[in-house]
Asks: 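Can you read through this structure? Questions will come right after.
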Amino acid sequence: MRVPILPTLVVAAAIATMIALGIWQLGRMDEKAALIARAEQALQMSAQVDYPRSPDALDEVLYRRTSVDCARVDGITTVAGTSERGEKGVAQRATCRLGSGESATIDLGFSRDPAPVSWDGGMVRGTIAPGGRIVASEPIAGLEPLASPDPRDLPNNHLAYAGQWFFFALTALVIYVLALRRKATRTRAD
């Protein structure tokens, strides 16, 4: 039986790529575990930090406490949210212009009413959550408290992704071997 060169090279390259992606996901699993551990330590720190002026500095202050002065409210919307008691509803989210000119997203509090609340801005104390939003530690505008950001809510499913890539590689190999065997059987029958 003669093995076709070009299809074999294509399948080998695809399998090598899938294996490399699986190995990359294993590395990401360790990085995510370190990020979660760092975030859990940050939650225990009592000292406040300045809200970061650039997105690059955000990772260093995730889950830390901060306070900002919302000089101007650019808009208020609602997104799905969870109360401190675990109830489902909406988080009232404001986009603010800070005194320094930067913009910040602030989750003001929890509500069952999806209509945006009215709020004119002011001082807000809270926790810096993923995406750079601030979750107010004390609800604002007559709202209920939101659930505090929790690093354990960060997904670390990279092991499952790695397993998928390794399974895809194995599946591609098995299918290709079966296709070669079938071709060889047909060739012998002719």
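This chain uses plain numbering: 1 for the first residue, then up along the sequence.
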Asks: List the atom of G22, the atom of A162, and the distance in Å for their closest heavy-atom pair.
Replies: O-CB, 3.4 Å

Asks: Is there a side-chain contact between V124 and W119 in this structure, where contact means two heavy atoms from C-beta onward sitting under 4.5 Å apart?
Replies: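 Contact flag for V124/W119 side chains = yes.
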
Asks: Less than 4.5 Å apart, any side-chain heavy atom of D50 and any of V68?
Replies: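 When only atoms from C-beta onward are counted, V68 and D50 do not touch, as no gap falls below 4.5 Å.
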
Asks: If hydrophobic clusters are built from ILVMFWY residues whose side chains come within less than 4.5 Å, do M18 and L173 share one?
Replies: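 Cluster IDs for M18 and L173 differ.
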
Asks: Just how far is it from atom CZ of R65 to atom CD of Q48, taken to the nearest 0.5 Å?
Replies: 9.0 Å

Asks: Under a 3.5 Å cutoff, is there a donor and acceptor pairing between the side chains of T8 and Y176?
Replies: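 There is such a pair between these side chains.
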
Asks: Could you report the tightest heavy-atom contact between G132 and L58, atom names first, then the distance?
Replies: N-CD2, 3.4 Å

Asks: Name the atoms and distances for all side-chain donor-acceptor pairs under 3.5 Å in residues 83-100, with sequence neighbours left out.
Replies:
| unit_1 | atom_1 | unit_2 | atom_2 | d |
| --- | --- | --- | --- | --- |
| S83 | OG | R85 | N | 3.1 |
| S83 | OG | G86 | N | 3.3 |
| S83 | OG | E87 | N | 3.0 |
| R85 | NH2 | E87 | OE1 | 2.7 |
| R85 | NH2 | E144 | OE1 | 2.9 |
| K88 | NZ | T82 | OG1 | 3.0 |
| Q92 | OE1 | V117 | N | 3.2 |
| Q92 | NE2 | D113 | O | 3.3 |
| Q92 | NE2 | A115 | O | 3.2 |
| R93 | NE | D107 | OD1 | 2.6 |
| R93 | NH2 | D107 | OD1 | 3.3 |
| R93 | NH2 | D107 | OD2 | 3.2 |
| R97 | NH1 | G101 | O | 3.1 |
| R97 | NH2 | D74 | OD2 | 3.4 |
| S100 | OG | E102 | OE1 | 2.2 |

Asks: Show the nearest heavy-atom pair for residues G81 and F110, with the distance to one decimal.
Replies: O-CE1, 3.8 Å

Asks: Counting only heavy atoms not in R182, do more than 12 sit closer than 6.0 Å to its CZ atom?
Replies: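 It does not: R182 CZ has 12 such atoms or fewer within range.
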
Asks: side-chain contact (heavy atoms from CB on, under 4.5 Å) between F166 and I23: does it pass, once the steps are laid out?
Replies: CA-CA 9 Å; F166 294 141; I23 292 169; 4.2 Å; yes

Asks: Which pair of heavy atoms, one from G121 and one from V73, lies closest together, and at what distance?
Replies: N-CG2, 3.5 Å

Asks: Can you tell me how far NZ of K183 sits from CZ of R2, rounded to the nearest 0.5 angstrom?
Replies: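 Going from the CZ atom of R2 to the NZ atom of K183 covers 8.0 Å.
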
Asks: When rounded to the nearest 0.5 angstrom, what is the spacing between CZ in R133 and CD1 in I128?
Replies: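 Output value for this atom pair is 11.5 Å.
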
Asks: Got P145 and E138 here, is their nearest side-chain heavy-atom distance under 4.5 Å?
Replies: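 They are not in contact (no side-chain heavy atoms under 4.5 Å apart), so the answer is no.
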
Asks: Could you check if a side-chain atom of I134 sits within less than 4.5 angstrom of a side-chain atom of T66, using non-hydrogen atoms only?
Replies: yes

Asks: If I compare all heavy atoms of N156 with all of A33, which pair ends up nearest, and what's the gap?
Replies: ND2-N, 3.6 Å

Asks: Under the disulfide (SG to SG under 2.5 Å) definition, can you give me all pairs with a residue in residues 101-183, not counting sequence neighbours?
Replies: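 Qualifying pairs: none.
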
Asks: Are I19 and L21 joined in one hydrophobic group, where the rule is that I, L, V, M, F, W and Y side chains link up if heavy atoms are under 4.5 Å apart?
Replies: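 I19 and L21: separate clusters.
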
Asks: Please check if the number of heavy atoms outside L9 that lie under 6.0 Å from its CG is greater than 12.
Replies: yes

Asks: Between I15 and W165, is there shared hydrophobic-cluster membership here, with clusters defined by ILVMFWY side-chain heavy atoms closer than 4.5 Å?
Replies: no

Asks: Any idea which heavy atoms bring S118 and A141 closest together, and the distance?
Replies: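 Heavy-atom minimum between the residues: O-CB, 3.9 Å.
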
Asks: Is there side-chain contact between Q25 and R28, with at least one heavy-atom pair below 4.5 Å?
Replies: yes

Asks: Quick check: are there more than 12 heavy atoms from other residues, nucleotides or ligands sitting under 6.0 Å from OH of Y161?
Replies: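 12 or below, so no.
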
Asks: According to a hydrophobic-cluster definition based on side-chain heavy atoms being under 4.5 Å apart (Ile, Leu, Val, Met, Phe, Trp, Tyr only), do I106 and L146 belong together?
Replies: no

Asks: Out of curiosity, does V11 fall in the hydrophobic cluster containing F167 (side-chain heavy atoms, cut-off under 4.5 Å, transitive links)?
Replies: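 No, F167 does not connect to V11 through the hydrophobic network.
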
Asks: As an exercise, state the distance from CG of D120 to CD1 of I140, rounded to the nearest 0.5 Å.
Replies: 12.0 Å

